[in-house]
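Working notes for the structure below.
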Amino acid sequence: MTQLSSALNSSLSGLASASRITQTISNNVSNALTDGYAAREVIPTARSINGVGSGVVLGEIQRRVDPVLLAERRVADGQLALASARVDFFSDMESAIGLPDSSGSLSSRVANFGASIIEATTRPESDAQLQTVLNAAKSVANKLNSVSESVQMQRMEADAEIGRAVTFINETLEQIAELNVPTRGSPSRQEAALDRADQRQSLIDSLSEYIPVREMQRENGTVMLFTPGGAILLDGRPATLSFSPTGVITPEMTVSGALSGLSINGQPVSTDADTGKIAGGKLAALFDVRDVQAVGVQASLDAVARDLVERFQKPSLDPTLNPGDAGLITDGGAPFDASNEIGLAQRVTINALVDPSQGGELWRLRDGIGAAAPASPGNSSLLSAYATALNALEAPASGSFGATYTAAGLAGEMTAQVSTSQSSFESAQTFAQSRAETLISAQRQNGVDTDQEMQRLLLVEQAYAANARVISTIDDLIELLTRI
Amino acid sequence: MTTVGFGDLATSYRSSLQNARIKSDISRLSQELATGQKTDLKTPSGNELVKYASLEASIKTLQAYSFSATQASLIAETAQASLEVVQDLTSSIGPNLIVAGNTGTEPMLTVNAADAKSKFQSVVSALNARIGDRSLFAGDGVSGPALSTADEILANLSSAVAGSASVTDLVNAVDVWFDTAGGGFENTAYLGSTSDLSPFLLGRGETASLDIRADNEGIRETIKGYAMAALVDEGLFAGSQNERAQVLRLAGERLIDANDALGDTRARLGLNEAQIDQSRARTASEIAALERTRADLVAVDPYRVATELQAAETQLEMLYTVTARLSRLSLVDFLR
């Protein structure tokens with residue numbers, strides 16, 4: 001009799017197990033389209049009481065997650081975001097400066113300026129011709145000003161975005177901390193714990209775009225988060241990042257001066273994009289753009305501006321100028337001084353003495369900036385000298401340019417350097433992208449496979465029917481017994 | 001039970017990635033085919049961009065030089081035409097005046113003197129030729145005339161030489177008026193600048209100097225000769241037929257010498273014209289070569305692009321077929 005009742009118990013446990021598994025299967029199938037959902041698995045094991053087999057018991061429901069794949073994918077996401085931010089910056093710079101095949105580009109404008117001077121030497125008495133030279137010169141100065149403004153704009157946007165990112169990271173860390181409770185207890189609470197784990201995983205995924213995150217599971221089901229660079233983000237309590245956004249950014253402001261760096265829990269950390277504590281994510285990229293890349297582009301621009309200014313400030317060029325006077329191209333109206341190079345591109349203007357709209361006279365282009373009265377109208381010797389100055393091969397006094405260039409050549413070289421940076425970061429981005437895609441694809445392969453679930457459902461159906469059959473048979477047997 | 005499956009989302013992710021990739025290829029290739037130019041000038045080393053930029057700059061500079069050379073050519077041509085007028089007039093009148101001076105009859109003297117006066121006016125007006133708003137023979141004082149009018153020159157000269165007793169005195173006075181630095185000619189007759197017109201830029205380091213001014217020796221001598229003959233028409237030595245004949249004869253001799261000097265001047269100008277023409281031809285062929293190089297840099301081979309485009313389209317169609325097939329394969333469809 002006891003064997004029969006124990007058999008009944010076993011069958012009942014079989015039924016319960018089958019229905020429990022069905023519940024898991026239906027949960028999985030309903031979440032087949034949910035990205036980031038970890039398929040639930042339940043493992044039945046045989047139960048034995050006092051050495052006698054008595055049915056089945058279900059182990060803990062587990063989430064099917066490959067932690068190595070997950071970690072790798074998060075790193076790849078971070079790398080992709082890092083490369084993309086840099087590519088975006090250089091693409092924007094490239095379109096601000098203009099590629100040489102477009103007519104508004106910096107190199108085009110410098111070439112036009114040179115050509116207009118040569119044409120003016122044929123008719124130096126013509127105001128229209130001199131006005132063309134003035135317009136071409138102003139177009140070069142305006143371009144330098146506007147590109148420099150773009151660079152600083154990019155820095156300001158990066159700064160603002162860092163502020164937003166830091167707020168987001170802090171909020172997300174707090175949310176993760178709330179979800180980071182031990183998972184233990186009855187099956188009903190287990191389900192809730194698994195859902196929390198899903199949520200927690202997707203929050204950590206969203207973090208990894210900004211800061212690369214390594215996750216370490218503790219035995220009680222909680223996680224610890226830290227960056228590959230060594231900063232601890234969550235260990236029982238979330239870390240707090242602090243950063244103060246700056247409003248307006250000018251070329252002279254640097255991270256060691258007026259601009260804010262990053263602190264974690266009050267400790268300043270290095271924001272180097274490749275070796276710092278937060279290296280490998282979008283946050284590091286934004287710092288890189290603001291403090292390294294944009295500063296580099298500004299320096300190149302300033303070097304181009306300086307080269308132009310110095311060509312026209314040579315003491316032997318314009319006999320009407322005293323040494324130390326401002327030439328045709330000025331630093332905001334004043335002569336250029338070598339200690340004031342940062343931000344020069346933003347300040348270059350054409351000398352007001354030759355600009356009728358600022359009270360100057362066009363004939364000063366022909367007769368000299370310091371000339372008191374117009375001289376021989378057919379004399380184009382100064383204009384010829386200007387043309388020669390622009391076309392002379394000079395080694396730039398600053399910037400990372402290795403050879404000698406004409407004025408237009410230097411502008412072209414600077415454009416090419418920006419383009420090359422863009423291309424090389426783009427290759428890094430392509431690589432990171434294909435790596436991320438591979439990992440995402442591999443991760444999704446671990447997701448819900450409805451065919452598998454259907455097959456298991458067939459088996460469960462069979463098992464349920466078989467168990468029910470056993471129960472009804474045992475019932476018949478017991479009835480037989482009682483009818484005796 | 002742990003089983004190894006293949007997630008549903010994996011297949012759809014893969015095929016949507018491939019879809020996006022092929023479509024962007026098709027878009028790029030069709031743009032390249034339509035414009036005939038590469039969409040992306042950049043190579044990893046940035047060399048193509050630097051080459052393109054320097055080609056652009058060189059082409060612009062050469063075009064400016066070409067413009068300058070065209071202007072120079074125009075000016076030289078016009079100047080040559082003016083000097084031709086002057087020389088034609090001068091070559092015929094010189095011998096005529098000598099004959100008239102030798103013959104000495106009153107009618108001949110009157111007629112030839114009048115002729116000289118009217119030719120003098122033509123010569124001065126030819127030397128005051130302008131192109132556009134520019135004077136050709138005024139050096140770099142291009143906004144004003146080179147010489148004052150013939151009548152003014154004669155008036156000034158007359159008052160300077162009035163009271164000359166003999167032909168020798170007259171000739172000396174005329175020479176002094178014309179030839180001394182700061183004398184009458186330079187002060188009142190020649191209104192242009194004493195600096196030459198700036199050289200025209202023909203190319204890098206190459207210039208053309210069109211530096212013929214109305215106060216150079218040959219032209220000065222020409223004007224002198226005409227002026228002397230015209231003075232006779234004005235009434236110089238009126239009544240003394242002998243002296244008038246002498247003056248005309250001396251004027252004729254001066255004009256014949258001046259004609260030779262004019263010829264030299266014109267020959268020099270002709271050399272300048274030849275130099276400018278050569279330079280223009282050279283610049284034009286340089287520009288053509290650079291433009292060809294630039295076109296080669298950005299051009300794509302249309303046949304290769306068309307082939308690639310076709311291959312990409314075929315690939316996309318295959319992807320569509322495969323996606324449709326895979327979506328039909330599901331166990332659910334086969335269960336009851």
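Throughout, protein chains are lettered first and strands after them, A, B, ... in sequence-line order, and every chain is numbered starting at 1.
At a heavy-atom cut-off of under 4.5 Å, chain A is reached by B/Glu56, B/Ala57, B/Lys60, B/Thr61, B/Ala64 from residues 54-64 of chain B, listed in order of number. Identified by a heavy-atom distance below 4.5 Å to chain A, the contributing residues of residues 15-25 of chain B are B/Leu17, B/Arg21, in residue-number order.
Taken from CZ in B/Arg14 to CD in A/Glu437, the straight-line distance is 7.5 Å, to the nearest 0.5 Å. A distance of 13.0 Å separates OG1 of A/Thr122 from OH of B/Tyr65, quoted to the nearest 0.5 Å. Between the CZ atom of B/Phe67 and the CZ atom of A/Arg123 there is a distance of 7.5 Å, given to the nearest 0.5 Å. Considering OG of A/Ser380 and CG of B/Asp140, their distance stands at 8.5 Å, rounded to 0.5 Å. Between A/Glu119 atom CD and B/Leu201 atom CG the span is 11.5 Å, to the nearest 0.5 Å. B/Ser330 contributes atom OG, which lies 9.0 Å from atom CG of A/Asp449 (distance to the nearest 0.5 angstrom).
Within the structure, side chain to side chain donor-acceptor pair (under 3.5 Å) pairs that include any residue of residues 402-415 of chain A do not occur (at least two apart or interchain).
No other option in A/Ala411, A/Pro377, A/Ala408 has as many heavy-atom pairs under 4.5 Å with chain B as A/Pro377. When each of A/Ile440, A/Leu33, A/Asn446 is scored by its heavy-atom pairs under 4.5 Å with chain B, the top score falls to A/Ile440. Among the candidates A/Ser107, A/Ser384, A/Gly409, the residue making the largest number of heavy-atom pairs closer than 4.5 Å to chain B is A/Ser384.
Proximity to chain A is limited to the side chain of B/Phe200, based on heavy atoms less than 4.5 angstrom apart. For a residue to count as touching a neighbouring chain, one of its non-hydrogen atoms must lie under 4.5 Å from one of that chain's; by this rule A/Thr34 touches chain B with the backbone only. Neither the backbone nor the side chain of B/Arg294 comes within less than 4.5 Å of any heavy atom of chain A. Proximity to chain B involves both the backbone and the side chain of A/Gln455, based on heavy atoms less than 4.5 angstrom apart.
The shortest non-hydrogen separation linking B/Leu331 to A/Asp451 is N-OD1, 3.0 Å. B/Ala10 and A/Ser441 make their closest contact through CB-O, 4.0 Å (heavy atoms, listed as atom of the first residue, atom of the second, distance). The two residues B/Leu49 and A/Pro100 come nearest to each other via the heavy atoms CD2-CD, 3.4 Å.
Under the side chain to side chain contact (heavy atoms under 4.5 Å, CB included) criterion, B/Thr11 pairs with B/Phe6, B/Leu326, sequence neighbours left out.
When side chains are defined from C-beta on, A/Leu457 does not count as touching B/Leu335, because their heavy atoms never get closer than 4.5 Å.
Proximity of a side-chain donor or acceptor of B/Asp8 to a complementary backbone N or O of A/Ala32 within less than 3.5 Å is not detected.
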Walk me through it: do B/Ser198 and A/Thr121 pass the test side chain to side chain contact (heavy atoms under 4.5 Å, CB included)? CA-CA 8 Å; B/Ser198 305; A/Thr121 61; over 6 Å; no
Run the side chain to side chain contact (heavy atoms under 4.5 Å, CB included) test on A/Glu125 and B/Asp133 for me, step by step, so that the C-alpha distance in whole Å, both residues' side-chain angles and the decisive distance to 0.1 Å come before the verdict. CA-CA 9 Å; A/Glu125 74 280 3; B/Asp133 283 342; 5.7 Å; no
